[in-house]
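What follows is one structure encoded as structure tokens, with my remarks underneath.
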Amino acid sequence: MKLDTDKVLQSLTEEEIYSFMRNVLLRLDFLETTEYPEKQFIKDIINLKKRYWEMYEHRTDPRRDYEDQQVSKVHIVFDPSSSGTLKVALRDVLAVEGEKVIAISDTFSVGPIWQLHTEEGLQNRKEWLFYHINLDEEYMDDYREKFTKVRAQIDAIPDDIPINIWYGDNGHEQTGVRLALYLLKEKSNPIIMINATKEYSTVFSEKRTDGYPLKVAEIIPEKLAAIYQETSTKEITLVQRRELEEEWLTLSESDKKLRLWQNGHIHSVSEDYLDNFIIQSMEKLNKERKNNDFIKSARLIGEVIGHSLQVVGDGFIEYRVRELIVNGIFDIKGVPKAMRFYEVKFRSPQILTGKD
């Protein structure tokens, strides 16, 4: 039994930590002042460790939510922002109880997803992210564990509880939908699909301008609550489920590192596909500034994200900016350990872009 000391301690109350330390210190005292055998001391400490580990496992067991609470419905989303927005919509706007939100948090439009539903595929993705995307060290350290924990949360959903999957018309969430359905393939739960970005136009009779909203997280809680109330509760059929599961298997066999949503389909493309758009964005900024001086990389990345109709995350765009530096398109000033630490400019004043 491997004990993750930090995680166990974080799960304990002050009283439980006090009790643990008291037990250890009392036994140390007995060891020094009585004929308390050293072998018995070791055995008692091992049993104490086992008891606290069992407490931790019980508290972190995803099945506990359904044993201790009256959960009537589960919602699945694909990033922390969507999770937070949906929780506010459910709790504060609609005042509903017993509806649990599970976030399969990642950016599924970028990086390898080859066999991501397996341990090998998960490790492959983690290594690629580590070497290509500037992510928080703690996030990377816990990456596999968090994904495994989410899988356990999904597996723990009782078969009679309805599941709502929230998504939008973008490569990230559309890929996430197919992964989620594959992870649910052995479960018989009723599943309702809520395309929030599509329903937005229907519920509010508003034409989506400049692609807004592109994803669930861009919709404010009040409007998300309205979408929830107005959306059809018709569950998807078994045939539809199997089709989307098969689409996941097809996607997960590709070695492409970028997935875009175009014309109602996910397209797996080469990772340099957006490089030309980044170059065009720099040209636009230079035209506005009327010079080719260094500019904060964060400013360029913000320009790209703000005008792109794809959901790929600023980390991926920043990775492509660094690749353009390596390839001699941009010069750099500073250290590229994070986008705020360096500036870029064209190495040559005239850059011709060949793609649209």
Side-chain angles (χ1 to χ4, degrees), residues 77-82 103-152 154 167 170-183 215 247-262 266-278 297-298 300-301 304-305 308 310-330 332 335-342 344:
V77 294
F78 299 102
D79 55 74
S81 297
S82 299
I104 310 177
S105 296
D106 209 328
T107 306
F108 294 111
S109 54
V110 303
I113 57 170
W114 174 84
Q115 296 291 302
L116 185 56
H117 50 277
T118 68
E119 282 295 320
E120 186 181 1
L122 185 59
Q123 180 62 26
N124 179 61
R125 179 172 174 81
K126 178 183 177 180
E127 288 179 2
W128 188 91
L129 291 173
F130 179 81
Y131 288 112
H132 295 83
I133 309 295
N134 278 328
L135 292 168
D136 181 78
E137 185 176 347
E138 185 177 349
Y139 175 85
M140 290 308 305
D141 287 344
D142 295 339
Y143 182 79
R144 289 183 65 181
E145 181 182 346
K146 286 180 179 178
F147 193 88
T148 302
K149 182 179 178 181
V150 168
R151 289 200 66 164
I154 290 173
Y167 64 103
N170 60 77
H172 157 54
E173 289 171 322
Q174 290 283 351
T175 302
V177 162
R178 287 150 178 79
L179 170 60
L181 287 170
Y182 184 81
L183 298 179
K215 55 186 178 179
E247 286 183 26
W248 165 255
L249 290 176
T250 300
L251 285 169
S252 70
E253 285 301 317
S254 172
D255 61 357
K256 300 292 187 182
K257 309 298 190 301
L258 181 61
R259 284 155 295 282
L260 306 178
W261 182 252
Q262 295 173 330
I266 298 170
H267 294 268
S268 297
V269 299
S270 62
E271 61 186 70
D272 64 353
Y273 187 90
L274 296 175
D275 286 7
N276 217 58
F277 186 61
I278 297 172
S297 66
L300 172 60
I301 293 163
V304 174
I305 294 293
S308 173
Q310 302 295 334
V311 176
V312 295
D314 54 9
F316 180 79
I317 299 300
E318 198 256 342
Y319 158 57
R320 295 313 308 169
V321 168
R322 285 186 279 112
E323 287 297 296
L324 289 170
I325 293 169
V326 171
N327 293 333
I329 304 300
F330 291 154
I332 181 173
V335 181
K337 58 182 179 180
M339 66 180 75
R340 66 182 182 276
F341 291 112
Y342 66 101
V344 293

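The shown structure was predicted, so the numbers you read here are calculated from the model rather than taken from an experiment.
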Here the gap from D272 atom CG to I278 atom CD1, rounded to the nearest 0.5 Å, amounts to 10.0 Å
Neighbour count >12 (heavy atoms, 6.0 Å) for atom CZ, F130: no
- Message: Please determine whether side chain to side chain contact (heavy atoms under 4.5 Å, CB included) holds for the pair L179 and F78, giving the CA-CA distance in whole Å, both sets of side-chain angles, and the decisive distance to 0.1 Å.
- Response: CA-CA 10 Å; L179 170 60; F78 299 102; over 6 Å; no
Side chain to side chain contact (heavy atoms under 4.5 Å, CB included) filter on A152, not counting sequence neighbours, yields P62
Between the CG atom in L251 and the NE2 atom in H267, the distance rounded to the nearest 0.5 Å is 11.0 Å
Sequence neighbours excluded, the answer for side chain to side chain donor-acceptor pair (under 3.5 Å) partners of D106 is R125, Y143
Note: L300 and F330 closest approach over all heavy atoms is CD2-CE1, 3.9 Å
Across all chains, not counting sequence neighbours, the side chain to side chain donor-acceptor pair (under 3.5 Å) partners of Q262 are none
Separation between CZ (R178) and CD1 (I266), nearest 0.5 Å, reads 4.0 Å
With sequence neighbours left out, the residues meeting side chain to side chain donor-acceptor pair (under 3.5 Å) with E318 are N134, R322, Y342
Residues at least two apart in sequence or cross-chain that pass side chain to side chain donor-acceptor pair (under 3.5 Å) with W114, listed by chain then number, are none
Minimal heavy-atom distance between V304 and F277, with the atoms involved, is O-CE2, 3.6 Å
Sequence neighbours excluded, the answer for salt bridge (Lys or Arg N to Asp or Glu O under 4.0 Å) partners of D141 is none
Taken to the nearest 0.5 Å, the spacing of S297 OG from I317 CD1 works out to 12.0 Å
- In terms of the angle between their ring planes, are Y182 and W248 parallel, tilted or perpendicular, with boundaries placed at 30° and 60°? tilted
To the nearest 0.5 Å, atom CH2 of W128 lies from atom CD1 of I113 at 12.0 Å
side-chain hydrogen bond (donor to acceptor under 3.5 Å, both in side chains) pairs touching residues 252-261, sequence neighbours excluded, are Q115-E253
S82 meets the side chain to side chain contact (heavy atoms under 4.5 Å, CB included) criterion, sequence neighbours left out, with V77, D79, E173, V216, A217
(request) Please step through side chain to side chain contact (heavy atoms under 4.5 Å, CB included) for the pair S109 and T175, ending with a clear verdict. (result) CA-CA 7 Å; S109 54; T175 302; 5.6 Å; no
By side chain to side chain contact (heavy atoms under 4.5 Å, CB included), P80 pairs with (sequence neighbours left out) S105
With sequence neighbours left out, the residues meeting side chain to side chain contact (heavy atoms under 4.5 Å, CB included) with T148 are E119, L122
Residues F108 and I104: closest non-hydrogen pair is CE1-O, 3.5 Å
Residues passing the salt bridge (Lys or Arg N to Asp or Glu O under 4.0 Å) test with R320, sequence neighbours excluded, are E271, D275
So OH of Y319 and CG of L135: to nearest 0.5 Å the spacing works out to 13.0 Å
V110 and V312 have their tightest heavy-atom pair at CG1-O, 3.5 Å
Sequence neighbours excluded, the answer for ring-ring contact (aromatic ring centres under 6.0 Å, His included) partners of Y167 is none
